[in-house]
Asks: 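My questions all concern the structure below.
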Amino acid sequence: QVVLVESGGGLVQTGNSLTLSCAASGRTSSTDPMGWFRQSLGKEREFVAVFSSDGRLNYVKYADSVKGRFTISRDNAKATVYLQMNSLKPDDTAVYYCALSRAPVTRWSDLPNQRYQYDYWGQGTQVTVSS
C-alpha cells in the first residue's frame, strides 16, 4: 500500500509563486513515475506534470498550459516530489493531486499522463490564485 500526502497549497496573487510537495510512504521505488494533476470546479481532472527515472536518466513531461512556468522535481532520499509553480494565473486555481504510477518508463514517450495510468492518489491540496 502507498500513501501520498500533499502540502503547500494556499492563496496567492497573480504572478506569484507556490511550491507543492508530495511525500510518499509505503512500498515505492525511485523509478515509479510520480505526477501532478489538477481539478477545478466543474471540470475534469487534468494532467499537469510527471517525473520519472530509469535509474540513469530523469524524464519529465508537462501539460502545454504550464510549460515554462511549472517545474517538477523529485528527492528520492525523501520519497518526495515537488511542483514549483511560477507566474501563477487565476486559471491555475484548482485542487492539485499527487499521484503515483507503477508504469515502467524507459523512454520519454512512456511517461504516463492519463488518470487511468496512475495507481495511487493523494487527498489533494487547494491552490487559489486571485486576480
Side-chain angles (χ1 to χ4, degrees):
Q1 184 67 10
V2 173
V3 176
L4 304 174
V5 179
E6 303 102 332
S7 61
L11 171 64
V12 296
Q13 293 185 328
T14 296
N16 283 3
S17 300
L18 203 60
T19 299
L20 305 181
S21 301
C22 173
S25 61
R27 191 177 64 85
T28 65
S29 167
S30 61
T31 58
D32 290 332
M34 291 185 71
W36 290 94
F37 286 71
R38 66 185 182 186
Q39 187 168 17
S40 52
L41 282 175
K43 294 187 177 181
E44 295 287 318
R45 192 173 299 187
E46 63 176 4
F47 168 77
V48 175
V50 59
F51 182 105
S52 188
S53 173
D54 63 4
R56 297 184 302 115
L57 299 176
N58 294 331
Y59 304 94
V60 295
K61 181 185 289 185
Y62 297 97
D64 288 342
S65 59
V66 306
K67 204 172 292 183
R69 299 188 298 122
F70 290 11
T71 301
I72 189 170
S73 61
R74 183 167 175 169
D75 184 335
N76 287 327
K78 297 181 179 180
T80 298
V81 66
Y82 304 94
L83 186 68
Q84 171 70 40
M85 305 183 294
N86 298 329
S87 303
L88 283 162
K89 310 172 183 178
D91 283 350
D92 295 318
T93 295
V95 177
Y96 283 71
Y97 296 91
C98 174
L100 183 144
S101 171
R102 297 298 195 189
V105 173
T106 58
R107 64 189 74 179
W108 185 84
S109 58
D110 291 335
L111 286 170
N113 64 350
Q114 303 295 316
R115 289 182 59 182
Y116 73 87
Q117 294 176 293
Y118 285 82
D119 302 280
Y120 301 95
W121 293 83
Q123 82 287 352
T125 186
Q126 176 71 47
V127 172
T128 303
V129 185
S130 63
S131 56

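Quantities reported herein were computed from a predicted structural model and do not represent experimental measurements. Start at 1 with the first residue, then count along the sequence.
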Asks: How far apart are the closest heavy atoms of Thr80 and Ser21, and which atoms are they?
Replies: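 Distance-wise, the nearest heavy atoms are CG2-CB, 4.3 Å.
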Asks: Do you know the tightest heavy-atom contact between Glu6 and Cys98?
Replies: OE2-N, 2.8 Å
Asks: State, yes or no, whether a side-chain contact exists between Met85 and Arg69 at a heavy-atom distance under 4.5 Å.
Replies: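 The answer is no; the side chains never approach within 4.5 Å.
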Asks: To check you understand the geometry: which heavy-atom pair defines the closest contact between Met34 and Ala24, and what is its length?
Replies: CE-CB, 4.1 Å
Asks: How many angstroms lie between CD in Gln84 and CD1 in Ile72, if you round to the nearest 0.5 Å?
Replies: 12.0 Å
Asks: Between Lys89 and Asp92 (salt bridge meaning N to carboxylate O under 4.0 Å), is one present in this structure?
Replies: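 So Lys89 does not pair with Asp92 through a salt bridge.
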Asks: Which heavy atom of Pro90 sits nearest a heavy atom of Thr14, and at what distance?
Replies: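 Result for this residue pair: CD-OG1, 3.4 Å.
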Asks: Taking atom CZ of Arg102 and atom OH of Tyr120, what is their separation to the nearest 0.5 Å?
Replies: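 Atom-to-atom, Arg102:CZ and Tyr120:OH are 5.0 Å apart.
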Asks: Could you tell me if the side chain of Val105 sits less than 4.5 Å from the side chain of Thr31, heavy atoms only?
Replies: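 Of all side-chain heavy-atom pairs linking Val105 with Thr31, none is under 4.5 Å.
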Asks: Could you grab the distance from atom CD of Gln123 to atom CG of Leu4, nearest 0.5 Å is fine?
Replies: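 Atom-to-atom, Gln123:CD and Leu4:CG are 9.0 Å apart.
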Asks: Over all heavy atoms of both residues, which pair between Phe51 and Ser73 is shortest? Give the atoms and the distance, please.
Replies: CD1-CA, 4.1 Å
Asks: Residues in ring-ring contact (aromatic ring centres under 6.0 Å, His included) with Phe37, at least two apart?
Replies: Phe47, Tyr118, Trp121
Asks: Which atoms form the tightest heavy-atom contact between Ser53 and Ser30, and what is the distance?
Replies: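 For Ser53 versus Ser30, the nearest heavy atoms are CB-O, 4.2 Å.
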Asks: Please identify which of these residues, Thr93, Asn16, Val129, meets the side-chain contact (heavy atoms from CB on, under 4.5 Å) condition with Leu88.
Replies: Val129
Asks: Please, which pairs that meet ring-ring contact (aromatic ring centres under 6.0 Å, His included) have at least one residue in residues 9-29, sequence neighbours excluded?
Replies: none
Asks: Is there side-chain contact between Trp36 and Cys22, with heavy atoms separated by less than 4.5 Å?
Replies: yes
Asks: Return the OG1 to OH distance between Thr106 and Tyr59, rounded to the nearest 0.5 Å.
Replies: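 With rounding to 0.5 Å, OG1 (Thr106) is 6.5 Å from OH (Tyr59).
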Asks: Pairs in or reaching into residues 104-119: which pass salt bridge (charged side-chain N to carboxylate O under 4.0 Å, His left out), with residues at least two apart or in two chains?
Replies: none
